[in-house]
Amino acid sequence: MTVRIATWNINSVTARLPKLLEWLDGAKPDVLCLQELKCATDSFPFEAVKELGYEAAAHGTGRWNGVAILSKLGLTDVVRGLPEQPGYLADDALLPETEPRAIAATCGPVRVWSVYVPNGREVDHAHYRYKLEWLEALRRSVLEDAAGARPFAVLGDFNVAPTDEDVYDRAAFEGLTHVTERERAALAALQTAGLRDVVPRPLKYDRPYTYWDYRALCFPKNRGMRIDLTYGNKPFVEAVSDSYVDREARKGKGTSDHAPVVVDLAL
DNA sequence: ATGCCCCGCCCCGCGGGA
């Protein structure tokens, strides 16, 4: 069987609902991992995606973060949040908050995590340390599935460009997050767990960027970054028959600033 | 043309994104 899995930082599932339904209808993924829902679990458009044949599991609290998994292949063993997931202590908060940034489910023959890794904001900011801790918690959380015989992958917005080739101009990111050694080391640690970066092909130009800032004509000028990633275990990676970034979904008004990444598996 | 930022929030400038 062929299984199509995709990941998309949707930047508000409410504002993007028409675009989401249009994209599902066209690309027809069997499984879709969503990030940045910006809505509470109860406000997720379960009925709208059900009409297109998708079951959904969502994990959101409101205006920030939020993740979901849509599936046509069944949706079982849902886990909300990473085991041992660190919380973030905001400047004006008394207690750290455990944010909705991860959800897992088994969809037919495949198990997936949909993750939205913390941004980090600035190097050495409390949010940057939180980002590094979060990636370490992710690594610990996937050890068993990563070593298993069942195809397994972590898909989502990792907020890290794995190499200098994954940003349009390395010099433009000097001193900024997403490209630092510590972030890349925390990301690369997933490989010691047995996971590999499934690099998609671009549909245009030479690099498979997945994010372009809304400002300054970044998309037409292809000033992008590859930060939406798929980390698969051996059975998953060996089944990959194709992977691409659907930059068409980034065109026009009312789009997310991220493009969906599609991975096809021959199982 | 892909075209100069956009989201949510107890209304509107601000925090956050990267």
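Chain letters run A, B, ... following the sequence lines, proteins first and then strands; every chain starts at 1.
Judged by distance alone, with hydrogens and angles left aside, the side-chain atoms of A/Tyr214 form a donor-acceptor pair with the main-chain N or O of A/Asp257 at under 3.5 Å.
A donor atom on one side chain and an acceptor atom on the other are found under 3.5 Å apart for A/Asn9 and A/Glu36.
Residue-level contact check: A/Tyr205 touches the bases, meaning some heavy atom is under 4.0 Å from a base atom. Among the protein residues, A/Trp212 comes within range of no part of the nucleic acid, since none of its heavy atoms lies under 4.0 Å from any strand. Using a 4.0 Å heavy-atom distance criterion, A/Phe173 is classed as making no nucleic acid contact.
When the P atom is compared between B/dC10 and B/dG15, the two are found 15 Å apart, to the nearest whole Å. The separation of B/dC6 from B/dA18, taken at their P atoms, amounts to 15 Å, rounded to a whole angstrom.
Of the residues A/Lys131, A/Arg182, A/Arg129, the one that meets the salt bridge (Lys or Arg N to Asp or Glu O under 4.0 Å) test with A/Asp124 is A/Arg182. A side chain to side chain donor-acceptor pair (under 3.5 Å) with A/Arg226 is found for one member of A/Thr163, A/Asp166, A/Thr210 and no other, namely A/Asp166.
By the rule that a glycosidic angle within 90° of 0 means syn, B/dC4 does not qualify and counts as anti. The glycosidic torsion of B/dC11 lies within 90° of 0, placing the base in the syn range.
Between A/Asp213 atom CG and B/dA18 atom P the separation is 9 Å, expressed in whole Å. Here B/dA1 presents its C1' atom at 15 Å from CG of A/Asn222, a figure rounded to the nearest Å. Going from atom OH of A/Tyr214 over to atom P of B/dC5 covers 12 Å, rounded to whole Å. For the pair A/Asn65 CG and B/dG15 C1', the computed distance is 13 Å after rounding to whole Å. In this structure, A/His127 places its NE2 atom 10 Å from C1' of B/dG17, rounding to the nearest Å. Atom CZ in A/Arg170 sits about 14 Å away from atom C1' in B/dA18, given to the nearest Å. When rounded to the nearest whole Å, the span between CD of A/Glu36 and P of B/dG15 equals 18 Å. What separates CG of A/Asp228 from C1' of B/dA18 is a distance of 12 Å, to the nearest Å.
Closest to the side chain of A/Thr14, out of B/dG8, B/dC4, B/dG17, is B/dG8. Of the candidates B/dA18, B/dC9, B/dG3, the closest approach to any side-chain atom of A/Asn9 belongs to B/dA18.
Put simply, A/Thr177 has no side-chain N or O that comes within less than 4.0 Å of OP1 or OP2 on B/dA18. An OP1 or OP2 oxygen of B/dA18 is reached within less than 4.0 angstrom by a side-chain nitrogen or oxygen of A/Asn119. Residue A/Asn159 has a polar side-chain atom (N or O) positioned under 4.0 Å from OP1 or OP2 of B/dA18. The phosphate of B/dC7 has OP1 or OP2 within less than 4.0 Å of a side-chain N or O from A/Arg16. The shortest distance between the side-chain N/O atoms of A/Tyr168 and the OP1/OP2 oxygens of B/dA18 is not below 4.0 Å. Note on A/Arg121: a side-chain N or O is less than 4.0 Å away from OP1 or OP2 of B/dG17.
Hydrophobic clustering of Ile, Leu, Val, Met, Phe, Trp and Tyr side chains at less than 4.5 Å, counting indirect connections, unites A/Leu229 with A/Val117.
Between A/Pro118 and A/Lys251, the residue whose closest nucleotide on DNA chain B is further toward the 5' end is A/Lys251. Nearest-nucleotide positions on DNA chain B place A/Leu217 closer to the 5' end than the other of A/Leu217 and A/His178.
Under a cutoff of 6.0 Å and an axis angle of 45°, A/Arg250 and A/Phe219 form a cation-pi pair.
Using the Watson-Crick or G-U wobble rule with both distances under 3.5 Å, B/dC11 pairs with nothing in any strand shown.
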